[in-house]
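The chains referred to below are lettered A, B, ... by the order of the sequence lines, with proteins before strands, and numbering in each begins at 1.
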There are 2 protein chains.
Amino acid sequence: MIQINPVSQPSLVDEVAGRLRQLVESGALTTGDRLPSEPQLVKRLKVSRTVLREAIGRLEAIGLLTVRRGSGTFVANGESLTTATQLIRSALAISTHDLLKVAELRRCIETHCARRAAQFATDAEIADLQAHYQRMTTSAGLPIESVMKYDFDFHKKIAQLSGNDVLSGVLQVIQDFIYASIAQTMEQPGLPQAPHDLHLEMMEAIRARDPERAERAAAAHMDTVDARLKFVAKKSAQD
Amino acid sequence: MIQINPVSQPSLVDEVAGRLRQLVESGALTTGDRLPSEPQLVKRLKVSRTVLREAIGRLEAIGLLTVRRGSGTFVANGESLTTATQLIRSALAISTHDLLKVAELRRCIETHCARRAAQFATDAEIADLQAHYQRMTTSAGLPIESVMKYDFDFHKKIAQLSGNDVLSGVLQVIQDFIYASIAQTMEQPGLPQAPHDLHLEMMEAIRARDPERAERAAAAHMDTVDARLKFVAKKSAQD
DNA sequence: GCAAGGTAACCTGTCAGACATCATACATGG
DNA sequence: CCATGTATGATGTCTGACAGGTTACCTTGC
């Protein structure tokens with residue numbers, strides 16, 4: 001059996017995307033520059049506008065270009081870390097859908113962020129965090145989506161206090177993922193919320209500028225999250 | 001001057017892309033599954049084929065989907081993520097400052113995985129890890145890409161020992177990202193490699209089934225990584 | 001002369017329909 | 001039973017059109 005590697009003929013879209021990418025790589029166009037308009041590119045590249053637009057769309061998806069309706073297409077600034085988080089998002093999406101495994105990833109990030117927050121947070125930021133805590137504790141009677149949102153917001157705020165927007169961005173992706181999974185599989189109430197004591201303990205530890213204590217509190221909180229997920233998993237297994 | 005945040009109304013393409021992404025994230029579709037054909041999706045989503053195709057194209061660009069002409073559109077597997085990052089590699093020149101943030105994410109995961117590996121790894125897996133270590137230490141004379149690859153493989157193996165494929169998957173993406181950035185910005189030799197002592201210490205700690213020690217070793221290793229990145233950052237600032 | 005406002009030109013976003021090309025399954029003939 | 005041709009449905013590309021947003025210029029009033 002001879003190994004025949006299929007002749008992969010690159011599609012026109014890939015061809016055009018590569019050509020445009022080369023424009024940026026070669027330095028002919030740099031951050032902020034405007035590309036020629038679509039009609040002009042169509043004439044120059046001798047392809048249909050459909051193909052050109054799909055190529056531009058892909059380059060925009062990976063963060064290389066930015067399209068502004070009505071004005072034109074521009075070379076994006078490399079600072080857009082959205083591409084990094086988007087990749088993480090993809091990695092999450094195509095991995096297994098075991099919520100417990102995703103929760104473990106969340107644990108990695110939350111404990112680390114709690115520690116960092118205790119190290120770096122300013123007084124103003126801590127006051128802001130307290131405001132988030134207040135909003136969360138007073139959301140008891142609201143619908144489940146609101147309660148979850150305020151809960152997520154509190155954790156997201158701590159992540160932001162770490163000063164690392166990659167970490168907070170990834171945590172956001174994880175939360176979106178968890179929310180999407182939960183919303184689909186089970187909106188049963190009755191599963192116990194994490195006790196606010198632990199949230200309070202996290203906040204107090206950060207306020208006391210005690211990294212070790214903050215990390216322990218975050219870990220304890222994730223223990224309750226794991227326990228809840230296992231509870232739900234067991235329950236759905238019974239059905 | 002009041003800050004007016006423009007009401008960015010998401011385009012139809014973004015809307016559709018998000019909807020399709022949710023299908024995968026929610027678990028309704030998993031790796032290898034085929035999406036409905038374009039005509040079917042057009043009828044269901046009530047959008048034109050143009051919009052649908054652009055949305056699919058973007059998701060393919062970030063490695064979430066794979067389109068096979070004549071057969072259909074499928075949910076991609078994790079390996080295609082690597083190709084997606086390779087696509088970004090040359091295009092995205094990430095600053096060393098941002099690279100430090102990504103490295104912090106790597107630290108979160110590596111320390112946690114080292115701990116878990118020390119808890120869960122079987123004898124056979126540890127033997128496999130030793131084989132990886134051997135391969136890495138004997139790659140001294142090889143080109144820099146090979147050295148880095150074996151280094152990454154060693155860390156990836158530890159992540160796999162954690163038994164959580166979400167963690168190892170995300171770490172894979174991070175490594176690709178870091179590698180892409182390094183390969184672009186500076187392939188200068190002269191920057192010191194992480195001493196193999198630390199790698200050995202990580203492995204020994206795992207073999208000794210000592211989670212605390214493994215985590216400490218991983219953290220120490222990441223300290224050297226941070227130091228290297230800061231070294232490069234300082235050097236590039238001098239230029 | 002200058003500034004405010006309106007308008008026209010240009011740009012991207014979306015749509016509909018058509019045809020080409022590729023992959024697969026099935027029927028047919030050897 | 002195997003090989004081949006074909007029908008079918010999938011994605012790839014093209015064309016033309018219109019809608020909606022941006023920008024620059026030009027007019028108008030001061």
key: Between C1' of D:dT11 and CD1 of B:Ile56, the distance in whole Å   = 9 Å
key: For B:Ala131, all residues meeting side chain to side chain contact (heavy atoms under 4.5 Å, CB included), sequence neighbours excluded   = B:Asp128, B:Arg135
Nucleotide C:dT24, atom C1' - distance to CZ of B:Arg68 in whole Å = 12 Å
Options C:dT12, D:dT11, C:dT24, nucleotide nearest the side-chain atoms of B:Ser71 = C:dT24
ask   = So, for B:Gly63 and B:Ala76, which heavy atoms are closest and what is the spacing to 0.1 Å?
value = O-CB, 3.4 Å
Output a table of nitrogen or oxygen pairs between the protein and nucleotides 3-8 of chain D separated by less than 3.5 Å.
none

ask   = Rounded to whole angstrom units, what separation is found between the CD atom of A:Glu38 and the P atom of D:dT13?
value = 16 Å
key: For B:Gln134, all residues meeting side chain to side chain contact (heavy atoms under 4.5 Å, CB included), sequence neighbours excluded   = B:Thr137, B:Thr138
Output a table of nitrogen or oxygen pairs between the protein and nucleotides 14-18 of chain D separated by less than 3.5 Å.
from: D:dC14; atom 1: OP2; to: A:Ser48; atom 2: N; distance (Å): 3.1
from: D:dC14; atom 1: OP2; to: A:Ser48; atom 2: OG; distance (Å): 2.7
from: D:dA17; atom 1: N6; to: A:Arg49; atom 2: NH1; distance (Å): 3.3

note = When B:Ser37 and A:Gly70 are each assigned the nearest nucleotide of DNA chain D, the 5'-most assignment goes to B:Ser37
task = Whole angstrom is fine here: how far is it from CZ in A:Arg69 over to C1' in D:dT22?
result = 11 Å
request  = Would you tell me if any nitrogen or oxygen in the side chain of B:Thr73 comes within less than 4.0 Å of OP1 or OP2 on D:dA10?
outcome  = no
inquiry  = Between C1' on D:dG9 and CG on B:Leu35, what's the gap in Å once rounded to a whole number?
reply    = 16 Å
message = The test is side-chain hydrogen bond (donor to acceptor under 3.5 Å, both in side chains); show your working for B:Lys156 and B:Gln175 and say whether it passes.
response = CA-CA 9 Å; B:Lys156 187 179 169 188; B:Gln175 286 181 341; over 6 Å; no
With B:Arg49 via side chain to side chain contact (heavy atoms under 4.5 Å, CB included) - residues at least two apart = B:Glu38, B:Val42, B:Arg53
query = Between A:Glu54 (CD) and D:dG12 (C1'), how many Å, whole number?
reply = 8 Å
task = Apply ring-ring contact (aromatic ring centres under 6.0 Å, His included) to A:His155 and list each qualifying residue two or more places apart in sequence or on a separate chain.
result = A:His199, A:His221
message = Going by side chain to side chain contact (heavy atoms under 4.5 Å, CB included), name the residues that satisfy it together with A:Gln130, two or more places apart in sequence or in a different chain.
response = A:Met203, A:Arg207
key: salt bridge (charged side-chain N to carboxylate O under 4.0 Å, His left out) partners for A:Asp226, two or more places apart   = A:Arg107
query = Which nucleotide in the list C:dG13, D:dT13, D:dT11 gets nearest to the side chain of A:Arg53?
reply = C:dG13
remark   = Contacts of A:Asp153 meeting salt bridge (charged side-chain N to carboxylate O under 4.0 Å, His left out) (sequence neighbours excluded), chain-then-number -> A:Lys149
task = Round to a whole Å and report the spacing from CG of A:Asp14 to P of D:dT11.
result = 16 Å
ask   = Starting at CG of B:Leu41 and ending at P of D:dG9, how long is that distance when rounded to a whole Å?
value = 17 Å
